[in-house]
Amino acid sequence: MKLKNIEEVEAFRNAVRACTGDVYLKSVDGDVFNLKSALSEYIALGRLLSEQGDSLELFASNREDEAQLLGFVEDLYEEQEKNK
């Protein structure tokens with residue numbers, strides 16, 4: 001799933017931590033960041049918050065985690081739209 005302007009970074013990090021499998025951010029350049037690794041997470045979050053944030057895609061290694069993250073991101077975007 002494509003990501004865009006995640007403003008609630010800590011809530012996003014908590015959603016990733018709640019996943020049982022690995023969660024990745026992938027860039028169009030082929031960079032892959034495992035969000036379960038602390039160092040990789042910080043680098044990925046830096047990219048997500050920069051101008052490159054709209055070009056990153058979120059993937060999960062298992063379907064349950066993917067469904068959970070999809071619901072989280074959809075709720076987050078809805079909340080952001082209401083607050084505009």
Could you measure the distance from the [atom1] atom of [X] to the [atom2] atom of [Y]? Nearest 0.5 Å is fine.
{"X": "Ile43", "Y": "Asn34", "atom1": "CD1", "atom2": "CG", "answer": "11.5 Å"}
{"X": "Lys36", "Y": "Thr20", "atom1": "NZ", "atom2": "OG1", "answer": "7.0 Å"}
{"X": "Leu58", "Y": "Leu48", "atom1": "CG", "atom2": "CG", "answer": "9.0 Å"}

**Request:** Could you tell me which non-hydrogen atom of Ser40 sits nearest to which non-hydrogen atom of Phe33, and how far apart they are?
**Result:** OG-CA, 3.3 Å
**Request:** Indicate the atoms forming the closest heavy-atom contact of Gln68 with Ala18, along with that distance.
**Result:**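 Of all heavy-atom pairs spanning Gln68 and Ala18, the closest is NE2-CB, 3.5 Å.
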**Fill in**
Hits for side chain to side chain contact (heavy atoms under 4.5 Å, CB included) against Ala67, two or more places apart or cross-chain, chain-then-number order -> none
**Prompt:** Looking at residues at least two apart in the chain, or sitting in another chain, which of them share a side chain to side chain contact (heavy atoms under 4.5 Å, CB included) with Glu57?
**Reply:**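 Residues passing side chain to side chain contact (heavy atoms under 4.5 Å, CB included) with Glu57: Lys2, Phe59.
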**Message:** If you define the side chain from C-beta out and look only at heavy atoms, does anything of Leu45 sit under 4.5 Å from Arg13?
**Reply:** yes
**Min side-chain heavy-atom separation Arg47-Leu56 under 4.5 Å** =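 When only atoms from C-beta onward are counted, Leu56 and Arg47 do touch, with a gap below 4.5 Å.
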**Request:** For a side chain to side chain contact (heavy atoms under 4.5 Å, CB included) with Leu35, tell me which candidate from Tyr24, Phe12, Tyr42 qualifies.
**Result:** Phe12
**Prompt:** Quick one: does Asp29's side chain have a donor or acceptor within less than 3.5 Å of a partner on Asp31's backbone?
**Reply:** no
**Message:** When you measure from the side chain of Ser61 to the backbone of Gly21, do you find a donor-acceptor pair of N or O atoms at a distance under 3.5 Å?
**Reply:**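 Not a single qualifying donor-acceptor pair exists.
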**Prompt:** Does anything in residues 14-23 pair up under salt bridge (Lys or Arg N to Asp or Glu O under 4.0 Å), and if so which pairs, sequence neighbours excluded?
**Reply:**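 Found Glu10-Arg17.
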**Item:** salt bridge (Lys or Arg N to Asp or Glu O under 4.0 Å) contacts touching residues 65-75 (sequence neighbours left out)
**Value:** none
**Message:** Hydrophobic clusters here meaning ILVMFWY residues chained together by side-chain heavy-atom distances under 4.5 Å, can you tell me if Val16 and Val32 are in one?
**Reply:**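 No, no single cluster joins them.
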**Asked** Are Leu49 and Leu39 in one and the same hydrophobic cluster, where Ile, Leu, Val, Met, Phe, Trp and Tyr link if side-chain heavy atoms are under 4.5 Å apart?
**Response**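 Linked, Leu49 and Leu39 end up in one cluster.
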